[in-house]
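Input: a single structure, listed below in structure tokens.
The figures that follow rest on heavy atoms only: side chains count, while hydrogens, waters and symmetry mates do not. Source: prediction; values computed, not measured.
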Amino acid sequence: MNESTINDLIPVLISSLILGLILVFIGVWVSSKANLGAPVIARMFSKKPISKLINGTSIISSILLAILVALFLLGLFELQSEFYPISGKISRPSKSFYALVSFSAGISEEIMFRLGLMSLIIAGIQYWKKVENPSNKTIWTGIIISAICFGIMHLPLSKNFVELTPFTIGVTMIGNLITGATFGWIFWKRGLLVAIISHIAFDLVFHVIGTPYT
């Protein structure tokens, strides 16, 4: 990985982390109105034992789901490369770099797109409809819209590695729509902490073990 690539990626990561810190405050407030958010953090202020705060089965099943989605997408990349090979613009970063990014992205992106944006969309629809509790349709609207934004955010990153064509844009958007919807569902059902852990597991499998566009 050359120095110019590092210089291109570092500002993106730093800006994502800064935006994430801002959205964490907005997200905690907004998500409480949408009955979403970070239940483990909220319960830390109660007298419940830690064993009641973290459901090991939910964490393990969510990690397995994230891994299955990563393997599925890697399989699609392999299939696509047989019929429509895509040449990379530059060599991909090292696995150690991606391991570090997996943790930073797992935290910052879940705060930004699930705790922040997804919750904001759902709370906005609630306010517009003047309802106290969001319906499943409302929550899925928030999941899909935030997943689309999640895909759009990844287009500048994809541009560093491949030429942006209708095909590569479509691949990026569809792949991130699938992953964004998966993380959104986990956030909805199991909270922010489990969504972060699952996101990290996905990135480690997809980017460290697997290497699309090589």
Side-chain angles (χ1 to χ4, degrees), residues 13 16-44 50 52-73 98-126 133-134 136 138-154 157 173-209:
L13 295 174
S16 296
L17 288 171
I18 293 173
L19 182 58
L21 289 174
I22 296 172
L23 285 175
V24 70
F25 296 103
I26 299 174
V28 168
W29 175 71
V30 170
S31 61
S32 66
K33 296 181 178 298
N35 295 316
L36 298 168
V40 171
I41 295 175
R43 292 177 198 165
M44 287 295 183
I50 192 66
K52 298 292 185 180
L53 304 181
I54 301 176
N55 186 321
T57 302
S58 295
I59 294 175
I60 293 172
S61 61
S62 298
I63 290 174
L64 290 176
L65 174 61
I67 290 173
L68 286 175
V69 171
L71 293 175
F72 171 72
L73 291 178
Y98 267 121
L100 178 61
V101 171
S102 296
F103 285 90
S104 64
I107 297 170
S108 62
E109 290 177 358
E110 288 310 300
I111 291 172
M112 290 169 59
F113 289 95
R114 258 58 71 178
L115 181 62
L117 181 60
M118 176 180 154
S119 299
L120 182 61
I121 293 168
I122 294 170
I125 296 174
Q126 280 182 264
N133 297 312
N136 288 351
T138 296
I139 293 175
W140 275 109
T141 299
I143 289 174
I144 297 302
I145 293 176
S146 61
I148 291 172
C149 295
F150 185 60
I152 293 173
M153 186 273 292
H154 280 84
L157 294 174
M173 291 299 299
I174 292 172
N176 283 286
L177 178 61
I178 293 172
T179 55
T182 300
F183 301 143
W185 180 85
I186 293 173
F187 171 69
W188 170 29
K189 294 294 185 178
R190 294 162 185 179
L192 178 65
L193 176 62
V194 182
I196 288 173
I197 294 172
S198 302
H199 193 145
I200 292 171
F202 173 90
D203 281 357
L204 288 173
V205 172
F206 189 79
H207 290 295
V208 179
I209 298 176

Nearest non-hydrogen partners of [X] and [Y], listed with the distance:
| X | Y | result |
| --- | --- | --- |
| S146 | I121 | N-CD1, 4.1 Å |
| N176 | H154 | OD1-ND1, 3.4 Å |
| I63 | A201 | CG2-CB, 3.9 Å |
| A70 | V205 | CB-CG1, 3.8 Å |
| A105 | D203 | CB-OD2, 3.9 Å |
| A66 | S198 | CB-O, 3.3 Å |

With sequence neighbours excluded, tell me which residues meet side chain to side chain contact (heavy atoms under 4.5 Å, CB included) with [X].
| X | answer |
| --- | --- |
| I200 | F103, I196, L204 |
| I174 | I178 |
| S61 | R190 |

How far does [atom1] of [X] sit from [atom2] of [Y], to the nearest 0.5 angstrom?
| X | Y | atom1 | atom2 | result |
| --- | --- | --- | --- | --- |
| N133 | I122 | CG | CD1 | 12.0 Å |
| I67 | I209 | CD1 | CD1 | 7.5 Å |
| M173 | I148 | CE | CD1 | 6.0 Å |
| M153 | M112 | CE | CE | 5.5 Å |
| L115 | M118 | CG | CE | 10.0 Å |
| L177 | T182 | CG | OG1 | 9.0 Å |

Apply side-chain hydrogen bond (donor to acceptor under 3.5 Å, both in side chains) to T141 and list each qualifying residue two or more places apart in sequence or on a separate chain.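 None.
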Does T138 have any side-chain hydrogen bond (donor to acceptor under 3.5 Å, both in side chains) partners at least two apart in sequence or in another chain, and if so, which?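 T138 satisfies side-chain hydrogen bond (donor to acceptor under 3.5 Å, both in side chains) with S135 once adjacent residues are dropped.
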Which of these passes side-chain contact (heavy atoms from CB on, under 4.5 Å) with S62: T57, I186, I197?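 The side-chain contact (heavy atoms from CB on, under 4.5 Å) with S62 is passed solely by I186 among T57, I186, I197.
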Could you check whether any side-chain heavy atom of W185 comes within less than 4.5 Å of a side-chain heavy atom of L65, counting everything from C-beta outward?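 A side-chain contact exists here, since the closest heavy-atom pair is under 4.5 Å.
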Is the shortest side-chain heavy-atom distance between W188 and W140 below 4.5 Å?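 SC-SC contact between W188 and W140 confirmed.
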Going by side-chain hydrogen bond (donor to acceptor under 3.5 Å, both in side chains), name the pairs with one or both residues in residues 63-72, residues two or more places apart or in two chains.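 Qualifying pairs, neighbours excluded: none.
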Tell me whether the centres of the aromatic rings in F183 and F202 are closer together than 6.0 Å.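 F183 vs F202: aromatic centres under 6.0 Å.
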Should the ring pair H199 and F150 be called parallel, tilted or perpendicular, given that the plane angle runs from 0 to 90° and is split at 30 and 60?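 Perpendicular, since the angle between the ring planes exceeds 60°.
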